[in-house]
Amino acid sequence: MRARTQDTKQNKGPTPVGTQAVTYRGASDAEIKNRETKPIRQRPGSGTIAESMIQKLGWALLSIVGALGLAGIALNRDEHINSMWLIVASVSIYLTAYRFYAKFIEAKVMALDDRRATPAERLRDGHDFEPTNKWIVFGHHFAAIAGPGPLVGPTLAAQFGYLPGTLWIIVGAALGGCVQDFVILFCSMRRDGKTLGQMAREEIGKVGGVVALVTVLLIMVILLAVVALVVVNALAHSPWGTFTIFATMPIAVFMGLYLRYLRPGKVLECSAIGFALVIASIFGGEAVANSPEWAPVFTYSAVALALMVIAYGFLASSLPVWLLLAPRDYLSTFVKLGVVVMLAVGILFARPELQMPAYTKFIDGSGPVFAGKIFPFCFITIACGAISGFHALISSGTTPKLIARESHATPVGYGSMLLESFVAIMAMIAACVLDPGVYFAVNSPAGIAGATPELAAATITAWGFPVDAAKMASLAKDVGEQTLFYRTGGAPSLALGMAHIFAQGGGGKAILGFWYHFAIMFEALFILTIIDAGTRVGRFMLQDLLGHIHKPLGRTNWMPGVIGCSALVVGSWGYFLYQGVKDPLGGVNTLWPLFGIANQLLASIALCVATTILLKMHRAKYLWITCLPLSWLLIVTYTAALEKIFSDLPRVGFLAQARQLEGAIAAGKVAAAKVADTQTMIFNAQLDAGICVVFLILVSIIVIDSARVWIGILRGNRDATVHESPFVLTQLKAEEV
C-alpha cells in the first residue's frame, strides 16, 4: 500500500472543505487542477439571508426542545412520566447531533470528497466490492450492527430506574458510539476497506496489530455465548416460541432454494412468501402450545435448547452461505426493520406512562437482575445502545466495500448508530412501562428471589415492588406461557413490554399472547443473526491465524479446515453458553457483565486506532473527538473488570464467588449429588476472572503501544505518514449511485 504524500513532504491531513490543494500520487495534473478549482460541496446553510435565518431558528428551537426534554426526564421525581418525554428528547438531540456534530467531523476532520473514487468503485469485483445505493448500504449496516445489545442491555439496566440508562444511551451514542462507527468507517474506506486489525497493524505497529486480532477473536467468543444465552432463556419451556423459531429454519432454506433454483431474481416475491410463512408460524405456535399432544414435543429445558443453538451455529458456519445464513438473515432484516417501525408507531399512539421510577434502591449494587453499582455497571450493561466495539468490525468489514460516495459515510456511519440508539430508547420504554413488580418477577433468578412463585412474590414485594403469584399466573396465561417467573436474560420482559404497547393499539388481552410471541420471535431472529454471522466471521479469523501454521487451514474453500475451525469456534462459545444455562443465578449475572467489559474494551481498541489516524492527519487539533470517549471507556471498563476480578462480594467478584463455593463444600453445606456441579461452578468463576485479566493485559498492550506512537508523533521524532490509498478520480455517474 502506497502512502499518500504532500508536495511539502509533511503530512498535515486534508485541507478544510472548499478546495483541496494536496497533491496525491495517482492523480493526473488535470485531475488535480479540477480538484483545486472546483468546490467539494456547497456549504450548509447557503442561500438567501431569510432562508439562513429560518434554518438557524429552526435548529435553535429543536435544540431547546431537546434540552427541555432532557430536563423533564431528569428533574421529574414524584409522579410517573409519559414515555413521549423520552421520544421527544432523544429525537431532538439525535437530529441536532447529526446536523452539527456529524457535519463538523465530516467537513473539518475528514474533508470527505465525492470526487474521490471509493474502494467499492476502484476494486469492484461484483462479489465483495460493489458500489451500492446509499439507503441499501444504510439498511445493511444497521441490520449488521443491531444485535441483542440495544434490546437486552437497556432492559437489564432498567433495574436502576429509567433515568441513568436513558441519559447514557442518548449522550453516549451522540458523542461516543456514532463517532467511533463514523471514524472507523472513514478510515477503512480510505484504506481499501481494510479491517480493524489490519489498520491497527499498519498505523500502530506489528505488536498492536497482532494483539488486536487475537483480542477481537477472544471477545467474539464471549459475545456469541451471551447472545446465545439470551435466546435460550427466551425459549426455555415455551412451546409457542420454540415452534415459531424452529419454523424459521426450513422457511429460510426454502427461500434460499427458491431464489437459487425456482425463481432466481424474484426477491420481492420470495420476501412476501417468507414473511407470510413467518406470520403463519406464529399462529401455528399458538396451536401447538394449546395442543396436549404437540406442546410437550416443543417444550425443552435450557440445556437442551443450548445444545440445539450450538448445533445451529455449526451448521450456519459450515453450510453454503446461500442455503441458510443469507436467506435467514435477509428474513431477519425484513422483520427487524418492520418491527422497529411498528414499535415506534405503537409508542407514538399509545403514549404509555413509565411505571419504573427514575432511580431504584438497586443503584447501590444489590440488584437482583445483575449485581454491581450504577457506576460502572450501568455503562457496560448498556453497550450497543450507546457505544459498541462490535460495530467497529462491521465499519471496517463489509460496509466500506459498498460505499459508492464518500459523503454516504455520514448517514451510514453516524446515522445508523443514531437509529440503533433510538431502538435502545424504545427498549428502555418497553421495559419501564411494565409494573416494576412484574419486571423483577420476570428477571430475578430463583437463587435470589425464591424457589417457588409464592416465595418469589413475597421477596419482590418486600423490596418495595408489590406483586403476587396469582397475578403472574394470570399474566402468563394471557400470553400463552406456563410461567413468567425466573425468565432471566431480558428478552421475555422486553417481549412483555412490547406486547403491552402493541395491545394498547387495539385488541387488549385478547391478542396479548400473539404480540408477546411475535416479540419473542422478533428478538430471537434479531439475535440469531449475530450467532450465525458471528460464528462465520470467527471461523474466518481463526482460519486466518491458523493459516500461518498450516497453509491449507487458511483456505476458506478447504472443507476439513472449514469444519474443524467451525467446530473450534462453536465449541468455545458453546462452553460459556453451557456454563450460563447451568448457573443457578441465571447466567446473565455472570456473563452479561463479562460481555459488556469485552465489548467496551473492543471499542477502546477501535478508538485507539482512530486516535492514531486523526493524530497523523491533524496532530493534536482534533484529538479530543476520539480521546474523550476513549478516556471514558478505559475508566469504565478497567473499573468494572477490576471489580469483577477482586470484589469481595460473591455476586460481583468472580474470585469471591469461587471462595464462597469452596467454603460451602468445606463446611458440608453442599449435598453430595451437587458437589461435582459446584466444583464446575468454582472452575468457571476462576476461568471468568482469568479471562478478565487476559483482556486487560491485551488491551493495555494496545493502549501503551498506541500512546508510544502518539508521543512520538507529537514530539516530531516519529513518522506521521497517513497510509491512505492514492487519490483516483471517480468515474461513477449519478444514476449509478
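It should be emphasised that the depicted structure is a prediction, and the values quoted were computed from it without experimental measurement. Residue numbers run from 1 in the order of the sequence given.
- Of the N and O atoms on the side chains of T611 and T626, at least one donor lies less than 3.5 Å from an acceptor on the other residue.
- Residue E203 is tested with R718, R191, K194 for a salt bridge (charged side-chain N to carboxylate O under 4.0 Å, His left out); the sole match is R191.
- Put simply, the side chain of R190 reaches to within 4.5 Å of the side chain of E406, judged on heavy atoms.
- You'll find the side chain of F186 stays beyond 4.5 Å of the side chain of I105, heavy atoms only.
- Using a cutoff of 4.0 Å between basic side-chain nitrogens and carboxylate oxygens, R116 and E724 are scored as salt-bridged.
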### Stepwise side chain to side chain contact (heavy atoms under 4.5 Å, CB included) check, S388 with E420
CA-CA 11 Å; S388 168; E420 180 170 357; 5.8 Å; no
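- Among all heavy-atom pairs drawn from A102 and F182, the shortest one is O-CE2, 3.7 Å.
- Looking at T730 and R405, their side chains do bring a donor and an acceptor atom within 3.5 Å of each other.
- Between E106 and K103 there is a salt bridge, since a side-chain N of the basic residue sits under 4.0 Å from a carboxylate O of the acidic one.
- One side chain, T612 or W710, offers a donor N or O that lies under 3.5 Å from an acceptor on the other.
- Under the 4.5 Å side-chain criterion, counting only non-hydrogen atoms from C-beta, T195 is not in contact with V216.
- There is no side-chain donor-acceptor pair under 3.5 Å between S395 and D181.
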### Task
Walk me through it: do I170 and Y94 pass the test side chain to side chain contact (heavy atoms under 4.5 Å, CB included)?
CA-CA 8 Å; I170 295 174; Y94 293 154; 4.1 Å; yes
